[in-house]
Amino acid sequence: MRTYSNNAQLQSALENVRRKGQSIAFVPTMGNLHEGHLNLVRKAASLCDVVVVSIFVNPLQFGPNEDLDAYPRTLAADKEKLFSEGVQVLYTPTVEEIYPEGMARHTRVAVPDLSETLCGSSRPGHFDGVTTVVAKLFNIVRPDTAVFGEKDFQQLSIVRKMVKDLCMPVNVVGVATTRDQDGLAMSSRNGYLSAEQRHVAPVIHQTLNACREAIACGFDNFLQLESHARMRLLQAGLDPDYFAIRDADTLRTVTPDTEEIAILAAARLGTTRLIDNVRIALNPVSDWGMLAGAH
Ligand code: PAF
């Protein structure tokens, strides 16, 4: 595995890869790699000849009161995991390499609307930081395929929209959320949880699943489902930021054109903010009648 921190050196190495006719799959990460990331790497390896992983804790996507300084940085352990997976190229740029004139003067890439709802409402500017860095990383790596986790479902939707709107020649692939045995979605932020909080955290997935089952059984009062779910999270000791039943494609309210529903939740446990989602496909002919009164 070759590691590069310098853009020009990475680009020249990847130019050689392309010259040989090999395809490139890219997995952008912020490090502190767990099984969820490794599943993205495995998917990437199944799709292309060469896998490039980036590790960059992007300051532009952290708000002023968020966990940028505390965000776990575990480069040595991450390198070992990537090496064991057979990753060929690791890219570990510095903040100066990505934002040479500082973040304030750097060009921004923003996906309006989709970036402002759900996590975007409580983390203003977060997704602009994500799209700015992902667009830049795409331009540096020039991958054929880029792989993202479905746990960050809103992020995946926003990246897909950016790629479509800006005609970026990248195939974006989503990978199902990797979960611990009790259903908790794997996340670097799980490491912040105390033993007691870790015991409570799976309630998020349980509540999402219960909501999905209710919808599958024909329960169509979505406002009531959302409010019950928020109550259940509160009772378990979580502080819900949102619990929302949305069209999986637009992340807006469900309509008669909705083909798939996404149920998304964000909640705090102490100071740790956790997110998760589940989805349910609707059969357009038979299911809509059942959900026509839904709101
Ligand atoms: O999902 C993440 O880890 C980050 O948001 C990403 C996509 C690497 C951009 O910094």
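Whatever order the structure lists ligands and atoms in, that order sets their numbers, starting from 1.
- Of the listed residues (Gln155, Met30, His126), the one carrying the non-hydrogen atom nearest atom 3 (O) of ligand 1 is Met30.
- The pair Arg189-Asp67 meets the salt-bridge criterion, since a charged nitrogen lies less than 4.0 angstrom from a carboxylate oxygen.
- Looking at atom 4 (C) of ligand 1, its nearest protein heavy atom turns out to be Gln61 NE2, 3.6 Å.
- Donor-acceptor pairing under 3.5 Å is recorded for the side chains of Thr178 and Asn39.
- Of the charged side-chain nitrogens involved, at least one lies within less than 4.0 Å of a carboxylate oxygen, so that Arg198 and Asp180 count as a salt-bridged pair.
- Atom numbering of ligand 1 starts at 1 in the shown order; those under 4.0 Å from a heavy atom of Thr29 are 8 (C).
- If you look at Val159 next to ligand 1, there are no close heavy atoms at all, none under 4.0 Å.
- Other cluster members for Phe62: Met30, Val57, Leu68, Tyr71, Tyr192, joined by side-chain heavy-atom distances under 4.5 Å among Ile, Leu, Val, Met, Phe, Trp and Tyr.
- Residues satisfying the salt bridge (charged side-chain N to carboxylate O under 4.0 Å, His left out) test with Glu35, not counting sequence neighbours, are Arg42.
- Numbered from 1 in the order shown, with element, the atoms of ligand 1 that lie under 4.0 Å from a heavy atom of Val133 read 9 (C), 10 (O).
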